[in-house]
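Every chain is numbered from 1, with letters handed out A, B, ... down the list of sequences. Every heavy atom of this structure was used, including side-chain atoms; hydrogens, water molecules and symmetry mates were not.
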Amino acid sequence: MMKIYNTLTKKKEEFIPVNPPNVGIYVCGPTVYDYFHIGNARSFVMADIIQRYMRYKGYKVKFVMNLTDVDDKIIKKANEEGVDAKEIAERFSEAFFEDIEKLKVRRADVYPKATEHIAEIVDLIKKLEKKGIAYRTNGDVFYDVLKFDGYGKLSGKKLDELESGARVEVNEKKHNPLDFALWKSAKPDEPHWESPWGEGRPGWHIECSAMSMKHLGESFDIHAGGHDLIFPHHENEIAQSEGATGKPFVKYWIHFGFLNIRDEKMSKSLGNFFTAREILKKYPAETIRLLFSQTHYASPLNFSEELLNSVNKGLEKITNFYQTINGLINQTDESAGYPQFDVQKFYHAFEAAMDDDFNTPKAVAVIYDFIKEANKLISGEKNYSKNFYADILKFMDKTAEGVLGIVQKEKVSQSDTPEKVDELLDLLIKTRLEAKKSKNYQLADMIRDELNKLGYILQDTKDGTIIKRK
RNA sequence: GGCGGCGUAGCCAAGUGGUCUAAGGCGAAGGUCUGCAAAACCUUUAUUCGUCGGUUCGAAUCCGACCGCCGCCUCCA
């Protein structure tokens, strides 16, 4: 049984899809005005792990991540550079896709863009207006929060408490300070579209309501995003969607904890951020994914270079193990036996961890336990059968790589090396073994050192010499 | 001011009523294997879970107070 902590109910609940085996997941994606930072990356990677695990469990997942491509920030950036807002949006959309691919984030099934859903957005606002939940002032349309009973149910806020808060925007066009814009009238030099309320552009919150319901239906399973989106963004999405349809909008709300720097939230406005691309220049994607996996998705994660380095060491252990098994599977002879080793036990432990609200730190611990137990056998006197090594690789491929994405597959030599090179490497290894036999260690070490310079690591094991890639 | 969260070893981090004399990773110390490496293995590294009280046969886990830190209430993953 899979359990998910639901922000809406503030409880861990059994996961029962609205329409099994289908699962609809919507994650708030980027506003494409700049490169995303490593804190944003955390949300993208954790959402990726969630959808990968859902697929692992056999659910038919439809994963949707929106791109906000019309927004104040984009317009501001465009004005600063003296270019079209569209150009900014396109440039950083492209960068976004490059970066998530490097992070090994599986492609979403749909990446809806706000500018391509203006018709749906307008329809939704019309519905709200018809129901008397939205009102217009000049060319703007606002949502009337007092008209929706459930307002505040996600964030646990009460209307009167919010109103007394000191930081609510004052705007005399609004009936209530908490009312938010559904449609903004066009200002000069801003992107705009035709609408029943005149030319303008959509507010931020309405985009997500319109796009998620278009691609996943009026009621769907999971909606995820950063903790900072609970209020007002997700609260407003509920108000808009349920206000318009009268149906429950989302069954499970998942929120990701922040990535902090020295205990402070990483953010563009504080300036304490690293972009994902600059971190990716120094560390492999797997290190970043392992770092995120080692903390529960909802907890804050204090980011630092030292932490990244220590996680990188942990990754080396996983990579080494995977390389070793790939080397051994080619060395062993068919006659060797299958050891006392219960792979199934590890699958169960992995699933138990992931089923419990995606407890990735525990799942990672299972992977390490698995590696330790397998290494223990390998370091013994006996040789083992190909089946044994194949089962190990299968486990690593399905769990560590398939769900968490923390195996550096490209570092396995034979998978991407042309045959000729393999044959030449074999020849060198044989030569080196001969040299070792005649105690010509100078020659043996020279071969090893020179190959090392070319990116191949030779290691002597009881079953023979294996090759790893740097 | 309102609402919410967090505090576990040198560091990161699971665990949320008995299996906890607390998982896993990094680090540190010693050992094994090896021609040397590398990798790996073995042993050690929290009788204790911010502090003080309480509930209970039993608490890191529940309750209360206090201390410290953070977030949301404005755009933000």
[X]: which residues meet the side chain to side chain donor-acceptor pair (under 3.5 Å) condition with it, sequence neighbours left out?
X	value
A/Ser93	none
A/Tyr322	A/Asp397, A/Lys409
A/Ser209	A/Gln240, A/Ser241
A/Lys372	none

Treat a base pair as Watson-Crick or G-U wobble with both distances under 3.5 Å, then lay out RNA chain B in dot-bracket form, 5' to 3', with | for cross-strand pairs. ((((((((.[[[..)..(.....]]]((((((.......))))))....[[[[[..)....]]]]])))))))....
Can you run down the salt bridge (charged side-chain N to carboxylate O under 4.0 Å, His left out) pairs that involve residues 339-352 of chain A, sequence neighbours left out, and say none if there aren't any? A/Lys345-A/Glu373
Checking all strands, does A/Gly380 fall into the base, sugar-phosphate, or nothing category for heavy-atom contacts under 4.0 angstrom? nothing
Does anything in residues 439-447 of chain A come within less than 4.0 Å of RNA chain B? Heavy atoms only, and list the residues if so. A/Tyr441, A/Asp445
For A/Phe258, does the six-membered ring have the charged nitrogen or CZ of A/Arg42 within the cation-pi criterion, i.e. under 6.0 angstrom from the centroid and within 45° of the normal? no
Without decimals, in angstroms, what is the distance between A/Asn312 CG and B/G27 P? 11 Å
Atom-to-atom span, CZ of A/Phe256 to P of B/G4 - whole angstrom: 23 Å
List in chain and number order the residues that pass salt bridge (Lys or Arg N to Asp or Glu O under 4.0 Å) with [X], two or more places apart in sequence or in another chain; answer none if no residue qualifies.
X	result
A/Glu450	A/Lys453
A/Glu94	none
A/Asp48	A/Arg52, A/Arg289
A/Glu13	none

Produce the list of close N/O pairs, under 3.5 Å, pairing protein atoms with atoms of nucleotides 15-25 of chain B; give distances to one decimal.
residue: B/G15; atom: OP1; partner: A/Asn359; partner atom: ND2; Å: 3.1

